Amino acid sequence: MPIASITKAYTAVAVGELVAEGKMDWDKTPVNEYLPEFELKDPVLTKQLTMLDLLSHRTVCKPLRRLPNIMQCNLTPPQLNLALILYSMNRTCLT
Amino acid sequence: MTMSWFRNKTPRQELIKRLRYIDTPSKLTSKTNYSNVLYGVAGEAAASVAGMKYEDIVRTKVLKPLGLHNTDFSPLKMAKTPNHSVPFTSDSFENAIEGLFEEGPIRDDFDAHPAGSSLYADITDLVNFGNAIMNQGRVDGKQVLNEETINEVLKGHSIMTRPKRDLENAPVLTYGMGWMIDTFKGQTVYRHSKLALFF
């Protein structure tokens, strides 16, 4: 079965093994040093973000200004399913 | 960019390059702001350091050492195992209420950022992974995963609030790394939610 977001636990452990090998660290080196092509709009934030910030979801997202009333859109269950995911995310970025 | 990772064939490196154009607030927070995309970035950072694909890091550092032979990134590989799950859907609410669902095909699905969402596993493997984590990385008394790693991923690093108060759960839980650290009737619970369409 798809374990979907439970994958994140495997990713964190895999990164942790690299930390244990001394190839990375959780909270000292900016991610940008490991992966120079990763930049956010704010260069200061780019230089601050660590692996721990990414893996524990510590960045900020802007909420949407207005949410559509999807329950009135007469969607089929599969469409509604997807719409509800988007709706529940309630973010404009990075989700 | 909100769901840019979802069923997107754009190369993950290209999606990461686009992040610089998104208008994000310029601060870090103690509150959990769930992001699949940034898990993708973490996966690629690890790949860059290790000199191998993200998927191969998970295979060599986690799946193989733990003997999780029925866990991998391919839905088609999953479909070849004898007791795999299959997706179901219904074409109307009326049919869904009546219990009329149709079995859907297992597609060669893909997420642009596999680090946040793309593993497939059977129940035995999932339980064995959970047991290894709860036993500080030990399997049959042998230390397989790094103990400090397990301690670190199970520490609360950001704060999640429960939208509704109830008597059984504490009003606040925390997010570690890939784990939610929760309470239920006074007991600590390490858990994670998942959402997979039609499964």
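Being a predicted model, the structure only gives us computed values, none of them experimental.
In this structure, the portions of B:Glu44 lying under 4.5 Å from any heavy atom of chain A include both its backbone and its side chain. Looking at B:Ile106, neither its backbone nor its side chain comes within 4.5 Å of chain A, counting heavy atoms on both sides. The part of A:Leu45 that comes within reach of chain B is its side chain, from C-beta onward, which places non-hydrogen atoms under 4.5 angstrom from that chain. Both the backbone and the side chain of B:Val41 come within less than 4.5 Å of a heavy atom of chain A. Neither the backbone nor the side chain of B:Pro65 comes within contact range of chain A; no heavy atom of the residue lies under 4.5 Å from a heavy atom of that chain. In this structure, the portions of A:Leu54 lying under 4.5 Å from any heavy atom of chain B include both its backbone and its side chain. Heavy atoms of B:Leu154 lying under 4.5 Å from chain A are absent altogether. If you measure heavy-atom distances from A:Val19 to chain B, you find no contacts under 4.5 Å at all.
With rounding to the nearest 0.5 Å, the separation of OG in B:Ser117 from CD1 in A:Ile3 is 10.0 Å. Once rounded to the nearest 0.5 Å, the distance linking NZ of A:Lys23 with CD1 of B:Ile57 reads 9.0 Å. A:Ile6 contributes atom CD1, which lies 11.0 Å from atom CZ of B:Arg191 (distance to the nearest 0.5 angstrom).
Nearest approach of B:Ser158 to A:Arg58, heavy atoms of both residues: CB-CG, 3.9 Å. Closest approach of A:Ser5 to B:Asn36, counting heavy atoms only: OG-OD1, 4.5 Å. Contact detail for B:Gly178 and A:Ala12: the closest heavy-atom pair is N-CB, 4.5 Å. The nearest pair of heavy atoms linking A:Lys8 to B:Gly116 is NZ-O, 2.9 Å. The shortest non-hydrogen separation linking B:Thr149 to A:Gly16 is OG1-O, 2.9 Å. The nearest pair of heavy atoms linking B:Ala46 to A:Leu18 is CB-CD1, 3.7 Å.
Counting heavy atoms from C-beta on, the side chains of B:Pro87 and A:Pro2 never come closer than 4.5 Å. B:Lys17 places a side-chain heavy atom less than 4.5 Å from the side chain of A:Glu37. Residues A:Tyr10 and B:Leu66 form no side-chain contact, since every pair of their non-hydrogen atoms from C-beta on lies 4.5 Å or further apart.
Comparing B:Leu126, B:Asp122, B:Thr81 by heavy-atom pairs within less than 4.5 Å of chain A, the highest count is held by B:Leu126. Interface remark: of the candidates B:Tyr21, B:Tyr54, B:Tyr39, B:Trp179, B:Tyr39 forms the most heavy-atom pairs closer than 4.5 Å to chain A. Contact tally against chain B (heavy-atom pairs below 4.5 Å) for A:Leu52, A:Thr46, A:Asn32: the top residue is A:Leu52. The residue among A:Asp42, A:Thr11, A:Asp53, A:Val31 with the most heavy atom pairs within less than 4.5 Å of chain B is A:Thr11.
Side-chain atoms of A:Glu17 come within 3.5 Å of backbone N or O of B:Asn146 as a donor-acceptor pair. Judged by distance alone, with hydrogens and angles left aside, the side-chain atoms of B:Asn33 form a donor-acceptor pair with the main-chain N or O of A:Thr59 at under 3.5 Å. Of the possible donor and acceptor atoms, none in the side chain of B:His157 sits under 3.5 Å from a partner among the backbone N and O of A:Ser56.
Taking a cutoff of 4.0 Å between a charged side-chain nitrogen and a carboxylate oxygen, A:Glu21 and B:Lys61 qualify as a salt bridge.
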